[in-house]
Amino acid sequence: MSFDVASLRKQFPILQREVDGKPLVYLDNAATTQKPQAVLDAIIDYYTTCNANVHRGAHQLSDEATRRYEKARDAVARFVNAAAREEIIWTSGTTEGINLVANGLAQLLKDTDEVVVTEMEHHANLVTWQQACKRAGASLKIAPIHDNGELDIEAFTALLSPATRLVAMPHVSNALGTVNPVKMLTAEAKKVDAWVLIDGAQGIAHGNVDVQDIGCDFYVFSGHKIFAPTGIGVLWGKRDVLQDWPVWLTGGEMIQDVTYQSATWGVLPNRLEAGTPNIAGAIGLAAALNWFSELDTRALQTHEKTLLTSAHEQAQAFEGLRMIGTAQDKIGVLSFLLEGAHPADVGFILDRQGIAIRTGDNCAQPLMKRLGIPGTARASFSIYNTLDEVDALFDALRKARTMLA
Ligand code: PMP
């Protein structure tokens, strides 16, 4: 089945707008994705017809809101193939999900323990573990990458030992587009009995994520990277790990019994979800996942590959352009430098032509240092981008090269 990008684009109102009189070419999808009408409708419908607090009201609106909110949890559980709906914990996003796990682990980590991350981490999955290790006196080990942005698997495996308590790694690198072989890496980590956390911020929107197949213990992602609103995210965690996990935020909803002097904790998922949740966000996320699931996964993956292949071919032929990140298995991202030009200037000139990209350190300062560069210009693609937009990017880059020469 072919992928009808034109009709897909019609479902995204924002893609119809102009920037400075030019059609918007949105190539900043690794930062956040745009939202289809189905998601916007779901949020408006919730606020228009059944806005109420969940789990506590003695009235119909609250019952309806609770039903939609808990149905949203089911939708996420199906989407990632969780073994049970209780394994889905709502968060505000990837960053909070990682911090939630770190909060639990920090109370379990010993000073003889080690946490392994990679050189390609986003700050969310580096700084969080760096600080957790500092607090516990544990060691943080950094698995190196090759110069093309692929993980050095041999070195990664060599870092694993009985002291490894946790391996935390990205499914897909936001800065380089590298896809990590997370199933195989998880199997390696399991040989030393380590917990495995996958930062799925960039992995979630590109096809099937099956957490049971990967074999990890935690998979975290943000709704806004997969066509859902900001402010909602998910921590999926294995029930037998999470049910004994130290609690996170304390307050309403997460308790069982409370006296003035003490409290006992409720069961999953509530014990890790204190306070009024982002109800509309959860409903919006479910709408996004349901919408995404209706698409032909194979066709959309082929489409994304076609976009990246075209971008790579044009980048290779482009004089003075240096690609950053050329891993064999790569999706969605073209990070690059133009000779003699600062990425910020490239981004500014592209913006004048309606083309939205990201410039800077990609929230990965140590990775930029490792690669010996100050940052990159990054074009990142989603399923609604077109080959014409890839061409528009390179037309604009030719202009930028002339202006900055
Ligand atoms: N990890 C990766 C790989 C990311 O790309 C991002 C978002 N740029 C994050 C973590 C953090 O996500 P959020 O800001 O939505 O919490």
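Order of appearance sets the numbers: ligands from 1, and atoms from 1 within every ligand. Please read all numbers here as calculations on a predicted model, not as lab measurements. Values reported hereafter were calculated over all heavy atoms of this structure, with side chains retained and with hydrogens, waters and symmetry mates removed.
- Not a single heavy atom of Glu96 sits less than 4.0 Å from an atom of ligand 1.
- Atom OG1 of Thr49 is separated from atom CD1 of Ile44 by 11.5 Å, given to the nearest 0.5 angstrom.
- Atom 10 (C) of ligand 1 has as its closest protein heavy atom Asp199 OD2, 3.4 Å.
- Stacking of Arg352 on the aromatic ring of Phe348 is recorded, both the 6.0 Å distance cut-off and the 45° axial limit being met.
- For the residue pair Tyr219/His171, the side-chain donor-acceptor check at 3.5 Å is satisfied.
- Nearest protein heavy-atom neighbour of atom 11 (C) of ligand 1: Thr95 OG1, 3.6 Å.
- At the shortest separation from atom 8 (N) of ligand 1 among protein heavy atoms lies Lys225 NZ, 2.7 Å.
- Residue contact check: Thr94 has heavy atoms under 4.0 Å from atoms 10 (C), 11 (C), 12 (O), 16 (O) of ligand 1.
- Taking Glu64 as the reference, nothing meets the salt bridge (charged side-chain N to carboxylate O under 4.0 Å, His left out) condition, with sequence neighbours excluded.
- Counting only heavy atoms from C-beta outward, the side chains of Asn290 and Arg78 approach each other to under 4.5 Å.
- Residue contacts with ligand 1, taken as heavy atom pairs separated by less than 4.0 Å, involve Ala201 solely via side-chain atoms from C-beta onward.
- The protein atom (non-hydrogen) at minimum distance from atom 5 (O) of ligand 1 is Gln202 NE2, 2.7 Å.
- For ligand 1, the atoms sitting less than 4.0 Å from at least one non-hydrogen atom of His224 are 15 (O), numbered in the order shown with element in parentheses.
- Shown in contact with Ser222 at under 4.0 Å from a heavy atom are these atoms of ligand 1, numbered in order with element: 12 (O), 13 (P), 15 (O), 16 (O).
- In this structure, OG1 on Thr66 lies 5.0 Å from NE2 on His55, to the nearest 0.5 angstrom.
- Side-chain atoms of Glu313 and Ser310 include no donor-acceptor pair closer than 3.5 Å.
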